[in-house]
Number of protein chains: 2
Amino acid sequence: MNLYRLYELRKRKKWSLQYIADQLGIAKSTYAGYESGYRQPSLDAIKKIADVMETSVDYLLNRIDNPDFQAVKKRKETEKWIELTDERMASEVKLTIDGRTLSDEEKKQFIAFVRARRQMENEYR
Amino acid sequence: MNLYRLYELRKRKKWSLQYIADQLGIAKSTYAGYESGYRQPSLDAIKKIADVMETSVDYLLNRIDNPDFQAVKKRKETEKWIELTDERMASEVKLTIDGRTLSDEEKKQFIAFVRARRQMENEYR
DNA sequence: GCATTTTTACGCGAATCGCGTACATTTATT
DNA sequence: AATAAATGTACGCGATTCGCGTAAAAATGC
């Protein structure tokens, strides 16, 4: 396992070992060990590293070659509330059940289903 | 660190512990330990797991919600993915219909509804 | 109901981790 | 240039964690 990208990214940002170690909350010798290959970061550690470096774990592990991490932006921008009947949402939100995308038909039925259910609740009160 | 997505993905593919462990070249008890949280996979292991499961490490580590690795590689993970059966994801985003929050009960029933519907589709083919 | 497969649980020895420390190297200050 | 301060490298120690094998429980198939 070669984590040479840690060094590349850190240098690019002009951070010292101490500086990044402080951000990660670990000893600088620990972090240095990751870069030199002397040690391997835990999953938690590699996650935090990807966080502070604003990249993906897959990039750090050489699974992809694009260091950009779109989710950084998305995480902050995504609305907390999503209205399902809003057509415009369809292109931004993908709902899945058991890993399978919810079809338009299923979604339509979903909405009808909930509306009917709520209607009944109201009538019995 | 919670790797509950390992279990979800494996079940979705209907693989046994033995089957995936063989693919990974490790003991099944070792892999089982990852799923149960008894052990943590090494970086190499999590990489291989992402390979055989055809997803991203970031997804396995809950950094992104789109399980599709192809989308990540093509930088097309622009839309927000929400797995309705994922309890832990539910707390992050609130869904509404007609401006009213979707209750847990409504969601539960709908999931059962869609599953039954899909089940029938399969049987009649 | 029984056999087979799958899942869960855990002890053991070995491997690896995170840290502190000590030292080397580079950069900044005067 | 001399000195101080900051940065980077190397490694031993105690503690933690790992991967595996084994065994028993639970689920599945016939």
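Being a predicted model, the structure only gives us computed values, none of them experimental.
Between the CG atom of B:Leu24 and the C1' atom of D:dC20 there is a distance of 15 Å, given to the nearest Å. Residue A:Glu35 contributes atom CD, which lies 11 Å from atom C1' of D:dT9 at whole-angstrom precision. Regarding B:Leu6, its CG atom lies at a distance of 14 Å from the P atom of C:dT7, rounded to whole Å. When the P atom of D:dG19 is taken as reference, atom NZ of B:Lys48 falls 10 Å away, rounded to whole Å. Separating the CG atom of A:Asp44 from the P atom of C:dT16 is a distance of 20 Å, rounded to the nearest angstrom. With rounding to whole Å, A:Tyr19 atom OH is found 14 Å from D:dG8 atom P. Rounded to whole Å, the distance from CG on A:Leu43 to P on D:dT16 is 19 Å. The distance from atom CG of A:Leu17 to atom P of D:dT7 is 9 Å, rounded to the nearest whole Å.
For A:Thr30, the listed nucleotide lying nearest its side chain is C:dG18; candidates were D:dG21, C:dG18, C:dT7. With D:dT7, D:dG19, C:dT7 as the candidates, the nucleotide lying closest to the side chain of B:Lys11 is C:dT7. Minimum atom distance to the side chain of A:Ser42 is reached by C:dG18, of the listed D:dC18, C:dT6, C:dG18. Checked against C:dG20, D:dT9, D:dG19, the side chain of A:Lys28 finds its nearest nucleotide in D:dT9.
At a threshold of 4.0 angstrom between heavy atoms, the contacts of A:Tyr7 with the nucleic acid are absent. As judged by a 4.0 angstrom heavy-atom cut-off over every strand, A:Gln40 is placed among residues touching the sugar-phosphate backbone only. B:Ala27 comes within 4.0 angstrom of the backbone, heavy atoms only, and of no base.
Within a 6.0 Å radius of NZ in A:Lys48, other residues, nucleotides and ligands contribute 12 heavy atoms or fewer. Environment of OH in A:Tyr7: sparse, with no more than 12 heavy atoms of neighbouring residues, nucleotides or ligands closer than 6.0 Å.
For D:dT7, neither phosphate oxygen OP1 nor OP2 lies less than 4.0 angstrom from any side-chain nitrogen or oxygen of A:Arg10. Of the side-chain N and O atoms in B:Tyr31, none sit less than 4.0 angstrom from OP1 or OP2 of C:dT7.
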TODO: Could you encode protein contacts along nucleotides 10-15 of chain D as a string, one character per nucleotide from 5' to 3', using B for base contact, S for sugar-phosphate-only contact and - for no contact, with a heavy-atom cut-off of under 4.0 Å?
DONE: BBBB--
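Under the 6.0 Å distance and 45° angle rule, B:Arg10 does not count as a cation-pi partner of B:Tyr19.
Nearest-nucleotide positions on DNA chain C for B:Gln18 and A:Ile26 put B:Gln18 closer to the 5' end.
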TODO: Under the side-chain hydrogen bond (donor to acceptor under 3.5 Å, both in side chains) rule, what do B:Tyr31 and B:Glu35 come out as? Steps first, then yes or no, please.
DONE: CA-CA 7 Å; B:Tyr31 177 80; B:Glu35 281 193 3; 2.8 Å; yes
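Atom CZ of B:Phe113 is separated from atom CZ of A:Phe110 by 10.0 Å, given to the nearest 0.5 angstrom.
Here the side chain of A:Gln40 pairs no donor or acceptor atom with the backbone of B:Ser42 at under 3.5 angstrom.
Exactly one residue among A:Ile46, A:Ile26, A:Leu24 makes a side-chain contact (heavy atoms from CB on, under 4.5 Å) with A:Tyr34. That residue is A:Ile26.
We find that B:Arg63 and A:Asp58 are not joined by a salt bridge, their nearest charged nitrogen and carboxylate oxygen being 4.0 Å or further apart.
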